[in-house]
> 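Quick one: structure below, then a few questions.
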Amino acid sequence: MTSTKNKIDKLRKNILKYEYFYHTLDESIVSDAEYDYLLHQLYNLELKNKELITSDSPTQKIGANLLSKFKKIKHFFPMLSLENTFDINGYLTFEKRIKKLINIDVAVSLCCELKIDGIAISIIYEEGILVQAATRGDGFQGENVTANARMIESIPLNLKGVDIPKRLEVRGEVFMLKSDFIKLNQNNKMNQNKIFSNPRNAAAGSLRHINPKITAKRKLRFSCYGCYFFKENNEELTTHYKRLMRCSSWGLPVNKDILLCSNYIEVIEYYKKFEKKRKSLEFDIDGIVIKVNSIELQNKLGFNTKSPRWAIAFKFFSAERITILNDVKFQVGRTGSITPVAYFDPVYISGVMISKASLHNKSEIERLDLHAHDSVIICRSGDVIPRVLGVIQTIRCKNAKKIVFPKFCPVCNTQLLENIEEKIIRCHAGLTCDAQKQKSLHHFFSKKSLYVIGLGPKIINELIQKGLVKNPIDFFYLKNIDLTKLKNVGNKKSINIINSINKCKQTTFKRFIYALGIPGVGDTVSEKIANYFTKLDELINADILKLNDIDGVGKVISNNIFNYFSIISNRNMVNELIIKVGIFWNNQDRYELNNIKKTYFFHKKIVLTGVFKSFSRMELKRILINLGAKILNNISQKTDCLIYGKNFGSKFFKAKNLNIRMINEEELESLILIEKN
Ligand code: IVH
């Protein structure tokens, strides 16, 4: 029991702290998702341990501490909160409950409204004149913000029209448009003033500013969502909807997107419509509010301690969800890079169920300070890629075990090494590490490499497990008898695979380079390397400087290529594939394929600088490569010519100094034309 009590105390303390920041200081120090989650945890614990419920628990109170700078005002009717649901079931339970309570089984008219994300206000009009305005405060008394409310343009100082009651209280939301919030923050940044984290906080901070002149400058808006007549003297106003429309006729702003619904299908349609539309609205909404429309039924249903029984907020899923981390697994990639992956209880975010997220690297684990069984906050960054945003440290168990990055490969136990520049930790065991072997062999025979039809990861895994292959060479010696030993491989399939393996020996230089699977050497880089070197030997023996000279090959990739060919076993494997296995390609493929004769650019080492009118850089490079040129990054004695466009850089002057042939765009166009003809 003491441990439950401790847990409850800790939760209360944190929630109260977050509420103080949110309501009193207009600052969010945790996300809404985290706050809702903690409050929910506290509810559940108190539900199971009712004897521990106290009147000061955040589950029993409505809201905010009051700012001492404002005078207090007692509300005539308590300003309550709303019950929340995040799913259809929660909404359906609400509908069932109200029908049960009022003992009817026919359709109940429901008024659906947007739940604008701002700050609640109560405004009192006497004889149509604004006499008092207050914030919600703790629900019973709020702050007197009359002077500030008078500064808000959309709050009328005098009501206009007919049948204005002697005394009227309207309630609604004070909020800020997204565009005004951005402008305010830009301005505040320039003047080194407070930056608000969202339009809600900006609205709250502006309404509760000690200086009403500042409130006036902040472009606040008001939207009315409820009213009370002090004397029910107006018999025709029997529904919430009619009352709002009457408020509107007196000049009070009422949001136009209100809809009367008679069944849950219409309510859910309304919810879905605004869930989709919410991003394009001019202001933030965090859900919809559904209210029983009849005032008579509202009165019958009455209130709970915190909220009315006749209304519910059906909130949108925040893009963040909280779940339990089950494990972190360390995956070994094709090139030996180790990637931590978080596995958690599945959560539904933006229409998709997700249960794992990449943690990228060691520093991400350190940033999050992850422990096994932590409650973690998950989002989909850019609304797509699952990401662990953070950990709720306040509810971590005392003896939770910290997740640490392993020092040895989880598959082959080789010591891991860190490449600081790339921020990658790698297992360097290469093909002797089963994980890398499996992925590298699959890569070697995949579509963009030496494509072998029918040789998928399952077959490759089985071949490895049966000890039939350990490197790419072994595949070229496979026999029918080996393949037919495998699950789901019959004689026909086996013959097809063997034929395809034989066929793949005739390939292109680019495909062969790509197949080797050197880190960073993908499709595009392979093409650039293949266009630069005429022979494989030149590539195998190239030093880092030379490799770095290739257009699109930077420091990291040059190092990777150099390191790859420095390993004797890799050189031997490459040589054996060419000499013994007989892999080959036609050296002139790239020119012959394009039907191009020897051209001016053929075998010329070319550097580009500046911007071109008629070509993008990419286009120009492709044209020149197809004409047989080699594109280099830097000017050196060996450069044959520099092609320059507008706004050229220092390469222009360097080439001039070295007396290198210079070609401008006009000349270039005529040369390309001549070559094409
Ligand atoms: S009705 C007693 N309608 O949501 C029910 N509230 O927790 C009073 N809100 O702070 C609220 N839009 O300020 C209602 N159309 C709407 C609303 C709305 C926003 C805010 C309200 C309150 C919170 C409910």
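This chain uses plain numbering: 1 for the first residue, then up along the sequence. Ligands are counted one by one from 1 in listed order, and the atoms in each one are counted from 1 as well.
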> Under a 4.0 Å threshold between the charged nitrogen and the carboxylate oxygen, would Glu46 count as salt-bridged to Arg12?
yes
> Compute whether any side-chain donor of one residue and acceptor of the other, for Gln331 and Thr339, lie under 3.5 angstrom apart.
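The answer is no; no qualifying pair exists.
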> List the residues meeting ring-ring contact (aromatic ring centres under 6.0 Å, His included) with Phe405, not counting sequence neighbours, and say none if there are none.
Phe330
> Can you spot which of Ile285, Leu82, Asp36 makes a side chain to side chain contact (heavy atoms under 4.5 Å, CB included) with Lys315?
Asp36
> Would you tell me whether Tyr270 and Glu266 have side-chain atoms, one donor and one acceptor, within less than 3.5 Å of each other?
no
> Closer than 3.5 angstrom, by distance alone: can the side chain of His373 be matched with the main-chain N or O of His371 as a donor-acceptor pair?
no
> Pick out the protein N or O atoms lying less than 3.5 Å from any N or O of ligand 1, and list each pair with its distance.
unit_1	atom_1	unit_2	atom_2	d
ligand 1	3 (N)	Lys291	NZ	3.0
ligand 1	4 (O)	Lys115	NZ	3.2
ligand 1	7 (O)	Leu82	N	3.3
ligand 1	12 (N)	Ile116	N	3.3
ligand 1	13 (O)	Glu173	OE1	2.4
ligand 1	13 (O)	Tyr225	OH	2.8
ligand 1	15 (N)	Glu113	OE1	2.8
ligand 1	15 (N)	Leu114	O	3.1

